[in-house]
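Just so it is clear: chains get the letters A, B, ... in the order the sequence lines come, proteins before strands, and each one is counted from 1.
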Amino acid sequence: MRRLFSSYLNYRSVFNSRKTRKDVKDMAKQVFIDSAADYLGQEVVINGWLYNKTHKGKLAFLMIRDGTGIIQAVVFSGNVSEELFEQCIHLPQESALRVTGVLKEDKRAKGGCELQVDTLEIIHIAEEYPITPKEHGTDFLMDHRHLWLRSSRQHAIMKIRHQIIKACRDYFDGLGFTLIDAPIFTPSVCEGTTTLFETDYFESKAYLTQSGQLYMEAAAMAFGKVYCFGPTFRAEKSKTRRHLTEFWMIEPEMAYCDLSQDMDLAEGMIEYVVQQVLENRKDELETLERDTGRLEKIVRPFPRITYDEAVQILHEANAEFKDGDDFGGGDETIISDKFEKPVMVTHYPAQVKAFYMKTDPAKPDRALCVDMLAPEGYGEIIGGGQREDNLDILLTRIKEHNLPADAFKWYLDLRKYGSVPHAGFGLGIERTVAYICGLQHIRETIPFPRTIYRLYP
RNA sequence: UCCGGUGUAGCUCAACCGGCAGAGCGGGUGGCUGUUAACCACUAGGUUGUAGGUUCGAGUCCUACCACCGGAGCCA
């Protein structure tokens with residue numbers, strides 16, 4: 001696949017420069033660094049940026065990155081002009097380079113393979129680069145997020161983020177789900193529990209969505225099994241390592257589905273996602289120094305406990321906790337520390353949950369809901385449950401929560417025309433990335449984080 | 001919003017009881033054919049977050065403000 005891609009690029013550049021067939025034969029092959037080992041002994045071209053450099057006498061060592069990896073290019077002053085060698089020694093970090101040379105195995109090079117440079121074309125000489133290979137503070141790095149993404153650690157996180165999103169989508173697609181996008185502008189509250197971002201919408205107001213769920217319920221009645229994947233906005237002034245004002249959620253919803261089937265789907269998805277990352281992103285997990293032993297244990301079945309059992313754990317740990325409350329971040333850590341795998345907590349008191357949660361017919365003060373708490377203190381990564389499908393009960397709930405009934409007219413229609421038991425959940429992508437990567441803070445899990453104090457870059 | 005902490009060179013940080021503003025990295029110049037965050041020598045680089053105050057003297061003490069960090073609440 002990689003070869004196909006690089007030969008495609010080669011074909012394109014040749015095509016664009018109107019080279020003849022003979023010239024093509026003479027030209028060195030353009031390759032990406034992650035496939036360099038396939039071209040040992042061959043003359044190749046690498047397009048990239050200078051990641052780091054050092055020099056010793058007549059040798060210049062250029063660490064070049066191209067987005068797929070990093071390779072050492074060695075320039076010997078005897079092989080190039082004096083002028084070019086001088087330039088190499090003085091090249092600023094992140095200068096853009098096109099390097100041609102022979103790929104050779106060499107134990108002295110990182111990665112065991114290096115490029116012996118024959119010619120080097122300087123595409124752009126960078127200005128003095130602010131991010132050096134030394135340490136920097138988070139605030140400084142976040143101010144330079146657009147450049148920070150080039151560094152190997154951030155690169156690894158984004159590759160794993162990509163893998164997680166791909167795995168989620170593959171999982172649902174493989175089970176016959178249909179992707180149905182939910183709107184970003186909404187006329188009113190979705191859950192009524194959180195603070196929303198308000199925007200001018202011509203002569204009226206609109207709010208940025210805090211969940212696509214209600215729309216997914218409509219879609220599930222049309223397509224059976226659906227999911228949406230999009231950004232979500234919360235205007236809460238949260239200031240913790242687990243919060244962003246803009247984050248991404250993947251939200252499946254299924255018709256003819258109860259709480260236990262919903263939980264089967266959730267644990268199946270997490271198992272698949274974790275195993276996919278372990279299989280395909282070994283190098284990146286190593287870059288992040290993630291303890292993969294803990295991830296390898298993430299296989300079904302996951303523990304399932306009730307809210308009451310979770311409260312019992314808190315009491316045994318002598319945690320300060322009032323029965324009937326929702327769990328705080330510290331409570332979640334105490335509960336999840338009891339288990340090696342993600343734990344699913346069900347049957348919370350109905351009053352701490354959203355209006356659309358179906359209550360347990362056996363215990364009407366409890367909701368048929370589930371929160372999945374990730375191990376190692378990463379907190380809630382999934383929240384979901386069975387939805388209230390009875391029109392009259394739903395109307396009562398809306399009143400109890402002081403929500404505007406007219407705004408929910410369309411939603412109530414779903415309970416008038418073929419209402420069925422249905423359930424779904426929402427997975428917070430960034431918390432999942434933080435957990436799988438083993439990161440201290442959620443802000444590194446998204447390319448350009450938005451927090452209460454950060455809207456730049 | 002509340003509680004706690006930090007703010008000194010481009011970056012990361014020192015500066016003891018209030019007494020000459022420092023180092024490493026990065027930048028510049030020079031040296032060396034195997035460096036891995038190289039090394040060696042030399043060199044430039046400062047309104048100590050802002051505004052007041054106390055003092056013979058303030059990076060250091062006091063007041064206010066600003067910015068950021070950590071935590072709480074709220075939540076995925």
Interatomic distance, A:I452 CD1 vs B:C69 C1' [rounded to whole Å]:
14 Å

Under 4.0 Å, heavy atoms only, any strand: does A:H90 hit a base, just the sugar-phosphate, or nothing?
sugar-phosphate

So, is B:C17 syn or anti if syn means the angle is within 90° of 0?
syn

For RNA chain B, stems built from three or more consecutive Watson-Crick or G-U wobble pairs below 3.5 Å
B:1-7 with B:66-72, B:10-13 with B:22-25, B:27-31 with B:39-43, B:49-53 with B:61-65

Under 4.0 angstrom between A:H144 side-chain N/O and B:C11 OP1 or OP2:
no

Please state the C1' separation for the pair B:C75 and B:A51 - nearest whole angstrom.
39 Å

Is A:N52 near enough to B:U35 that one of its side-chain N or O atoms lies under 4.0 angstrom from OP1 or OP2?
no

When all nucleic acid strands are considered with a 4.0 Å heavy-atom cut-off, which category describes A:Q72: base, sugar-phosphate, or nothing?
base

Does A:E114 reach a base, just sugar-phosphate, or nothing at all? Heavy atoms under 4.0 Å.
base

Ring-on-base stacking B:G34 with A:F61 (under 5.5 Å, under 30°)
no

Using the C1' atom as the point on both nucleotides, what is the distance between B:U63 and B:C25, in whole Å?
37 Å

Between the main-chain N or O of A:V45 and the side-chain N or O of A:R98, is there a donor-acceptor pair closer than 3.5 Å?
no

With the side chain defined as heavy atoms from C-beta on, A:L59 is closest, among B:G34, B:C32, B:C68, to B:G34

From CD1 of A:I89 over to P of B:G30, roughly how many Å is that when rounded to an integer?
10 Å

Nearest-angstrom distance, P atom, B:A9 to B:G45:
15 Å

What's the gap between B:G28 and B:A64 when it is taken at their P atoms, as a whole Å value?
46 Å

Let's see if you can work this out: which of B:G31, B:C75, B:U35 has an atom nearest to the side-chain heavy atoms of A:R242?
B:C75

Starting at the 5' end of RNA chain B and moving along, which residue's nearest nucleotide shows up first, A:R108 or A:D139?
A:R108

Quick one: label A:F140 by what it contacts on the DNA or RNA (base, sugar-phosphate, nothing), any heavy atom closer than 4.0 Å.
sugar-phosphate

Which whole-number value in Å describes the distance from A:K56 NZ to B:C32 P?
10 Å

Are any of the side-chain nitrogens in A:K358 or A:D258 under 4.0 Å away from the carboxylate oxygens of its partner?
no

In chain order, what residues pass the side-chain contact (heavy atoms from CB on, under 4.5 Å) check against A:V311, with sequence neighbours excluded?
A:Y307, A:H315, A:F321, A:D323, A:F327

Sugar-phosphate only, base, or nothing, as touched by A:H441 at under 4.0 Å among non-hydrogen atoms
sugar-phosphate

Among side-chain atoms of A:Y356 and A:Q213, is any donor-acceptor pair under 3.5 angstrom?
yes

Could you measure between the two C1' atoms, the one in B:G49 and the one in B:U8, and give it in whole Å?
10 Å

Using a heavy-atom cut-off of 4.0 Å across all strands, would you classify A:A60 as base, sugar-phosphate, or nothing?
nothing

What is the separation between atom NZ on A:K58 and atom P on B:U35, rounded to the nearest whole Å?
17 Å

Under 4.0 Å from OP1 or OP2 of B:G70: is there any side-chain N or O of A:R443 that close?
yes

Starting from C1' on B:C75, measure out to CD on A:E332 and report it in whole angstrom.
9 Å

Would you mind classifying the nucleic acid contact of A:R241 as base, sugar-phosphate or nothing, using non-hydrogen atoms under 4.0 angstrom?
sugar-phosphate

Assign A:L244 to base, sugar-phosphate, or nothing according to its heavy-atom contacts below 4.0 angstrom with the strands shown.
base

So which one's nearest nucleotide on RNA chain B is more toward 5', A:I382 or A:T132?
A:T132

Rounding to an integer number of Å, can you tell me how far A:L91 CG sits from B:U35 C1'?
16 Å

Side chain A:Q386, main chain A:D262, donor-acceptor under 3.5 Å
no

Give one of base, sugar-phosphate or nothing for A:G379, where a contact means two heavy atoms less than 4.0 Å apart.
nothing

B:A58 and B:G19: how far apart are their P atoms, nearest whole angstrom?
11 Å

Just call it for A:D106: base, sugar-phosphate, or nothing, with non-hydrogen atoms closer than 4.0 Å on any strand.
base

Verify the distance criterion only: is there a donor paired with an acceptor across the side chains of A:T132 and A:Q93 at less than 3.5 Å?
no

Identify whether the distance between the nearest side-chain nitrogen and carboxylate oxygen of A:R300 and A:E267 falls below 4.0 Å.
no

Roughly how far apart, to the nearest Å, are B:G18 and B:U54 at atom C1'?
12 Å

Among B:A76, B:A72, B:U35, the one nearest A:T240 by side-chain distance
B:A72

Tell me whether the side-chain N or O atoms of A:R454 pair up with the base of B:C68 as donor and acceptor below 3.5 Å, since no angle test is needed here.
no

If you check the A:E128 side chain, which of B:G26, B:A76, B:G34 turns out closest?
B:G26

A:K166 with A:D173: basic N within carboxylate O range, under 4.0 Å
no

If you measure from the Lys or Arg side-chain nitrogens to the Asp or Glu carboxylate oxygens, is any gap between A:R443 and A:E430 under 4.0 Å?
no

What's the CG-P distance between A:L196 and B:A76, to the nearest Å?
12 Å

Nucleotide B:G27, atom P - distance to CD of A:E94 in whole Å:
13 Å

Does either side chain, that of A:T306 or that of A:D308, offer a donor lying less than 3.5 Å from an acceptor on the other one?
no

For A:R108, is there an ion pair with A:D106 - N to carboxylate O distance below 4.0 angstrom?
yes

What interatomic distance, in whole Å, is found between C1' of B:A44 and the corresponding atom of B:G26?
13 Å

Give A:H136 one of three labels, base, sugar-phosphate or nothing, depending on what nucleic acid heavy atoms sit under 4.0 Å from its own.
sugar-phosphate

